[in-house]
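Accompanying notes for the structure given below.
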Amino acid sequence: MVKDFYGELQLGILGGGQLGRMLIQEAINFNVNIHVLDPDKNAPCRKLCNHFECGSLSDYDTVYNFGKELDMITIEIEKVNVDALEALEEEGVLVYPQSRVIRLIQDKGLQKQFFKQNGIPTPAFQFISNKESLKSANLSIPYVQKLRRDGYDGKGVKMIRTEADLDNAFNEPSIIEEIVDFEKEIAVIVARNDRGEVKTFPMVEMEFNPEANLVEFLISPSTYSFEIQQKAEELTKKIANDLQIVGLLAVEMFLTKEGEILVNELAPRPHNSGHQTIEGNFTSQFGQHLRAIFNLPLGDTSARTNAVMINLLGEEGYEGLAKYEGVEEVLAIEGVYVHLYGKKYTKPFRKMGHVCIIHADREVAISNARKVQKILKVIA
């Protein structure tokens with residue numbers, strides 16, 4: 001640790017959204033001072049931290065000046081000014097995950113090169129400079145096009161299924177990827193501290209909202225075979241060690257119908273695929289991230305019970321001041337935990353919260369989660 005706890009450590013978080021909010025809830029137990037930078041004056045973290053600053057995460061001077069008096073900086077979003085973080089590292093501020101890791105993961109093309117160089121299985125891909133170059137692509141239609149930078153939560157992704165879709169393709173630098181005929185989308189979260197200790201959370205199974213292309217339903221732990229789960233967890237550990245990352249890393253993967261595992265994308269921070277760990281595991285992903293960046297022993301990642309996580313998204317057709325319907329009704333169901341993110345305004349498919357449903361019987365947990373999906377709504 002940089003300093004003893006007892007309120008001396010000054011920790012900065014770049015980003016003040018729901019991930020930062022849940023990180024602060026855990027950091028309170030460590031008695032550290034939390035500073036948050038976010039461009040939204042109404043960010044969910046604004047009233048929970050010791051110091052809140054409204055400013056751009058992509059502006060060099062703003063990020064540098066925010067961090068220069070702090071002991072350590074971490075992130076809850078990758079879209080930050082890495083040059084400023086590099087300068088702060090050179091001046092002795094600890095930045096976890098390291099700026100070089102953030103720089104690599106900011107660019108999906110660099111991610112793909114990293115996979116290739118380190119023997120990490122991933123879908124076949126090709127770099128594309130603009131829309132015109134799609135016409136001479138080596139991959140045949142259909143394929144998926146992803147912007148190299150700034151894509152998240154389903155944004156920056158287009159499905160190219162026919163020649164007609166080329167007209168609406170991205171014109172910016174991107175990658176195209178073969179469409180994988182997968183059986184299930186899975187994820188593993190891994191933590192690594194500076195002493196090289198590495199621990200994974202159990203593999204989870206995910207279902208995506210087809211319209212918003214983001215995780216809508218997650219089940220933990222998985223019921224796939226021990227061999228498949230071990231393969232996914234070992235692959236995730238390899239990536240963490242190859243990167244030499246300090247902090248948390250979420251690895252999203254495809255499980256093919258032949259039992260092959262292909263890595264899709266990385267996120268160097270707490271992740272949507274780990275929210276169920278708050279109630280479902282002995283150590284939450286947020287507590288584990290703090291343990292990792294503070295270079296403390298990593299916690300027990302075992303599942304306490306079956307857990308299902310649902311993203312609470314803004315309903316279609318509603319935009320404005322958020323109103324929640326059905327909270328009292330779902331809280332009457334055994335094992336239901338509602339997490340609202342403190343976002344003032346809702347819009348279609350905006351992440352407004354999540355719900356974790358736990359039960360000793362996996363099928364009951366899933367059934368209760370389906371009930372919650374039908375009852376709990378965010379409108380305006």
Side-chain angles (χ1 to χ4, degrees), residues 13 15-25 36 38-48 52 54 57 76-79 146-147 150-159 185 187 204 206-219 250 252 265 267 269-279 285-286 307-333 336-357 366 368-380:
I13 303 174
Q18 64 264 21
L19 297 177
R21 183 183 176 96
M22 289 182 274
L23 193 60
I24 290 171
Q25 289 171 329
V36 173
D38 193 273
D40 180 5
K41 65 180 180 181
N42 294 314
C45 287
R46 71 194 184 283
K47 293 180 180 177
L48 297 181
F52 179 79
C54 185
L57 299 174
E76 65 120 50
I77 185 171
E78 296 94 293
K79 194 177 177 182
K146 298 179 180 179
L147 290 177
D150 299 340
Y152 66 98
D153 281 352
K155 299 177 178 68
V157 177
K158 285 187 187 286
M159 300 299 293
E185 294 196 55
V204 301
M206 301 183 291
E207 292 180 14
F208 280 71
N209 181 297
E211 294 176 74
N213 195 30
L214 48 81
V215 176
E216 186 173 49
F217 195 85
L218 177 148
I219 306 170
E252 295 181 275
E265 292 179 2
R269 52 172 171 76
H271 190 258
N272 199 220
S273 62
H275 291 344
Q276 80 291 341
T277 60
I278 298 173
E279 284 86 23
Q285 65 165 340
F286 300 98
V308 179
M309 191 280 295
I310 298 168
N311 272 323
L312 186 55
L313 308 177
E315 289 291 307
E316 278 192 280
Y318 294 94
E319 190 160 346
L321 285 170
K323 180 182 176 183
Y324 300 87
E325 284 190 343
V327 175
E328 188 172 346
E329 194 175 344
V330 300
L331 286 176
I333 301 171
V336 170
Y337 296 85
V338 176
H339 298 256
L340 303 181
Y341 295 157
K343 295 178 180 179
K344 193 172 182 180
Y345 298 100
T346 184
K347 58 184 178 181
F349 302 117
R350 188 183 192 196
K351 287 181 185 173
M352 301 299 292
H354 78 265
V355 186
C356 184
I357 301 93
I366 292 171
N368 286 346
R370 296 295 185 199
K371 291 177 189 174
V372 171
Q373 275 186 314
K374 292 177 181 176
I375 297 168
L376 188 57
K377 304 293 179 185
V378 186
I379 59 174

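Neither side chain, Gln25 nor His339, offers a donor N or O lying under 3.5 Å from an acceptor on the other.
Counting heavy atoms from C-beta outward, Leu218 and Val308 have side chains that stay 4.5 Å or more apart. Residues Leu313 and Lys351 have side chains in contact (heavy-atom distance under 4.5 Å, counting atoms from C-beta outward). Between Tyr337 and Ile278, every side-chain heavy-atom pair lies at or beyond the 4.5 Å cut-off. Between Ile379 and Thr346, every side-chain heavy-atom pair lies at or beyond the 4.5 Å cut-off. Taking 4.5 Å as the limit, every side-chain heavy atom of Met352 sits out of range of all side-chain heavy atoms of Tyr345. Contact check for Ile333 versus Leu331: no side-chain heavy atoms found under the 4.5 Å cut-off.
In this structure, the side chain of Lys377 engages the main chain of Gln373 through a donor-acceptor pair within 3.5 Å. Glu185 places no side-chain N or O within 3.5 Å of a backbone atom of Glu207 that could act as its donor or acceptor partner. Judged by distance alone, the side chain of Arg46 and the main-chain N or O of Asn42 form a donor-acceptor pair under 3.5 Å. For the pair Glu76 (side chain) and Leu19 (backbone), a donor-acceptor distance under 3.5 Å is present. Asp38 places a side-chain N or O within 3.5 Å of a backbone atom of Asp40 that can act as its donor or acceptor partner. Between the side chain of Glu319 and the main chain of Ala380, no donor-acceptor pair closer than 3.5 Å is present.
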- request: Go through the steps for Lys146 and Glu265 under the test side chain to side chain contact (heavy atoms under 4.5 Å, CB included), then give the verdict.
  value: CA-CA 11 Å; Lys146 298 179 180 179; Glu265 292 179 2; 3.3 Å; yes

message: side chain to side chain contact (heavy atoms under 4.5 Å, CB included), that's the test. Do Ile357 and Ile310 meet it? Break it down for me.
response: CA-CA 8 Å; Ile357 301 93; Ile310 298 168; 3.7 Å; yes

message: Checking Met22 against Tyr341 for the side chain to side chain contact (heavy atoms under 4.5 Å, CB included) test, could you report, in this order, the C-alpha distance in whole Å, the side-chain angles of both residues, the deciding distance, and whether it holds?
response: CA-CA 9 Å; Met22 289 182 274; Tyr341 295 157; 3.7 Å; yes

- prompt: Given Asp150 and Lys79, is the side chain to side chain contact (heavy atoms under 4.5 Å, CB included) satisfied, shown in steps?
  reply: CA-CA 7 Å; Asp150 299 340; Lys79 194 177 177 182; 3.5 Å; yes

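Lys347 is linked by a salt bridge (Lys or Arg N to Asp or Glu O under 4.0 Å) to nothing, counting only residues two or more places apart in sequence or in another chain. In this structure, the salt bridge (Lys or Arg N to Asp or Glu O under 4.0 Å) partners of Glu78, at least two apart in sequence or on a different chain, are Arg269. The side-chain hydrogen bond (donor to acceptor under 3.5 Å, both in side chains) test applied to Lys343 returns Gln18, not counting sequence neighbours. Under the side-chain hydrogen bond (donor to acceptor under 3.5 Å, both in side chains) criterion, Glu315 pairs with no residue, sequence neighbours left out. Residues meeting the side-chain contact (heavy atoms from CB on, under 4.5 Å) test with Leu48, sequence neighbours left out: Arg21, Ile24. With sequence neighbours excluded, the residues forming a side-chain contact (heavy atoms from CB on, under 4.5 Å) with Ala307 are Gln276, Cys356, Ile358, listed by chain and number.
Taken from OH in Tyr324 to CG in Leu376, the straight-line distance is 9.0 Å, to the nearest 0.5 Å. If you take NZ on Lys47 and CZ on Phe52, they are separated by 11.5 Å, rounding to the nearest 0.5 Å.
Val204 and Ser273 make their closest contact through CG2-O, 3.9 Å (heavy atoms, listed as atom of the first residue, atom of the second, distance). Across all non-hydrogen atoms, the minimal contact from Cys45 to Gly20 is SG-C, 3.3 Å. In terms of heavy-atom proximity, Val36 sits nearest to Gly15 at CG1-O, 3.7 Å. The two residues Phe286 and Pro270 make their nearest non-hydrogen contact at CE2-CB, 3.5 Å. Counting all heavy atoms, side chain and backbone alike, Asn272 lies closest to Met309 at O-CE, 3.3 Å. Here the shortest heavy-atom pairing between Ala369 and Phe217 reads CB-CE1, 3.7 Å.
Look at Glu325 and Lys374 and you find no salt bridge, because none of the NZ, NE, NH1 or NH2 atoms lies under 4.0 Å from a carboxylate O.
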